[in-house]
Amino acid sequence: MSQYYYNPFGSSNDVNAAREAQFRLQQQEAREKKEIRMISLSMACAIIAYLLIQSLFVVILNAAGLYGLYESSPIFQYAFSIIGVSVCAVAVPFGIMALINRKKYVTPLFPAKKVKPLTACTWVFFGALCCVAANIIVSYVVSLTKILFGYELTQSTAANPDSVFACIMEFIAMAIVPAICEEFAMRCCSLQLLKKYGTGFAVFAVSIVFGLLHGNVIQFIFAFLIGIVLAVVTVKTENILPAIFIHALNNSMSVTQNIVQTYLGDDKAEDTAIIMYILLAVLGIVSAVYLFFTKQFKTEKQKSVGVLSNGEKFKAFIFPWMIVPFVLLIALTLQTVKKI
């Protein structure tokens, strides 16, 4: 007579199937971590190249005996900023990074979905409102640093223009070209690459890279906050142009203040800044209300992308390769810290 025994662990076939599934899951996790780490390595190399290329250009200027001209001529500085910084140090390294990882893109490199003009404008002014808010936050951080620790965090400023042509060049060099090149590097090359692993992860990871690209704590905080906004706007509109306009509008505020300060003095510059901030804040609030009531802030719940959690993805993205840019950020920041 046959006898049947209860097996609490299931049949041997079930156990083997479970082990095989677990093994496949571990392999998939390992592949995903490796992919994210390789992308992190390429982005870390692009950040380091950004710093090295600028240093190389300074060496070339010194060797050619042109550094004195660079220090004395605003137009020369603006031209250097366009060619040496925005194009050669930002757009080229991240363009090469995108070329190396071209097979990993699952969305177009240049998001270019058609957006209605009114919708685009409201997103731009909403982004400008966020820039104003981020400026206020960073100002408080700087003030608290002075009060609590007695240290001042300084940052480099643009040269003062000495002619009408120099004013035009400053707008091009500090507002327009950086907006185009940095958005190409961040919201095209980087964001579109990382979206494969989840939109939320991509937004925050690229914002970290954007912050590291700015080279000191003050600009890191501001760039990280604005980077989140620019990435969200790009994701929402599926178009790169609103982010470029937000970026250019934000940069043009400091350029305008610098020009007014040069020709009309500190008081007028401060008044101009207040007027611009109030105007953008009002337009931004109106735009935010419009976006809210038209349900454009609404985000559909996204399915999990890949097998890793967001925490595991961030860990793979930061360690080990992004540690090097963070160390460089700290080293560069220490050079800008001044005892009051």
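Positions are given from 1, in the same order as the sequence printed here. In what follows, every heavy atom counts, from backbone to side chain, and hydrogens, waters and symmetry copies are set aside. Treat the numbers as computed from the prediction; the structure is a model and nothing was measured.
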Keeping [X] on the side-chain end and [Y] on the backbone end, is there a donor-acceptor pair under 3.5 Å?
X    : Y    : result
E312 : S309 : yes
S81  : Q77  : no
Q192 : F110 : no
R102 : L99  : yes
T294 : Y290 : yes
T262 : N258 : yes
K104 : L193 : no

* For F297, what residues pass the ring pair (Phe, Tyr, Trp, His ring centres under 6.0 Å) criterion, not counting sequence neighbours? ->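 Partners of F297 under the ring pair (Phe, Tyr, Trp, His ring centres under 6.0 Å) test: W123, F126.
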
Nearest heavy atoms of [X] and [Y], plus distance in Å:
X    : Y    : value
N216 : T333 : CA-OG1, 3.4 Å
A134 : I226 : CB-CD1, 3.7 Å
T234 : A243 : OG1-CB, 3.5 Å
P74  : S72  : CD-O, 3.5 Å
N239 : K113 : ND2-O, 2.7 Å
P178 : I172 : CD-O, 3.8 Å

* Mind checking side chain to side chain contact (heavy atoms under 4.5 Å, CB included) for V260 and listing every partner two or more places apart, or none if nothing turns up? =>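 Applying side chain to side chain contact (heavy atoms under 4.5 Å, CB included) to V260 gives T256, L264, K268, A269, T272.
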
Inter-residue atom distance [X].[atom1] - [Y].[atom2], 0.5 Å rounding:
X    : Y    : atom1 : atom2 : value
Q219 : L332 : CD    : CG    : 11.0 Å
L51  : L329 : CG    : CG    : 9.5 Å
L241 : I246 : CG    : CD1   : 11.0 Å
I39  : I100 : CD1   : CD1   : 11.5 Å
W321 : I48  : CH2   : CD1   : 9.5 Å
L230 : I240 : CG    : CD1   : 8.5 Å

* Asked: Can a salt bridge be assigned to the pair E35 and R31 using a cut-off of 4.0 Å between side-chain N and carboxylate O?
  ->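 Salt bridge flag = no for R31 with E35.
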
Got [X] and [Y] here, is their nearest side-chain heavy-atom distance under 4.5 Å?
X    : Y    : value
V206 : F201 : no
F222 : N250 : yes
M253 : L280 : yes
F125 : I285 : no
K195 : L191 : yes
P161 : Y78  : yes
E29  : R24  : no
F184 : V90  : no

For [X] and [Y], I'd like to know if the aromatic rings sit close, meaning centre-to-centre distance below 6.0 Å.
X    : Y    : result
F317 : F314 : no
Y70  : F80  : yes
F210 : F224 : no

* To do: Give the C-alpha distance, both sets of side-chain angles, the deciding distance and a yes or no for side chain to side chain contact (heavy atoms under 4.5 Å, CB included) between M43 and M322.
  => CA-CA 8 Å; M43 288 186 181; M322 276 296 154; 3.6 Å; yes

* Asked: Do T299 and K236 meet the criterion of a side-chain donor-acceptor pair at a distance under 3.5 Å?
  -> yes

For [X], look at atom [atom1] and say whether over 12 heavy atoms of other residues, nucleotides or ligands are found less than 6.0 Å away.
X    : atom1 : result
F165 : CZ    : no
M276 : CE    : yes
Q26  : CD    : yes
F220 : CZ    : yes
F245 : CZ    : no

* To do: Check step by step if side chain to side chain contact (heavy atoms under 4.5 Å, CB included) holds for L213 and M186.
  => CA-CA 10 Å; L213 202 66; M186 295 294 105; 4.3 Å; yes

* **V85 with Y67, same ILVMFWY side-chain cluster at under 4.5 Å** => yes

* Please walk me through it: do M97 and C189 pass side chain to side chain contact (heavy atoms under 4.5 Å, CB included)? -> CA-CA 8 Å; M97 182 274 296; C189 297; 4.1 Å; yes

* To do: Using the side chain to side chain contact (heavy atoms under 4.5 Å, CB included) rule, take C181 and V87 through it: C-alpha gap first, then chi angles, then the decisive distance, then the call.
  => CA-CA 6 Å; C181 291; V87 176; 4.2 Å; yes

* Could you go through the side-chain hydrogen bond (donor to acceptor under 3.5 Å, both in side chains) check for S42 and N101 one step at a time? => CA-CA 9 Å; S42 62; N101 293 284; 3.3 Å; yes

* Could you tell me which residues satisfy salt bridge (charged side-chain N to carboxylate O under 4.0 Å, His left out) with E183, sequence neighbours excluded, listed by chain and number? => R187

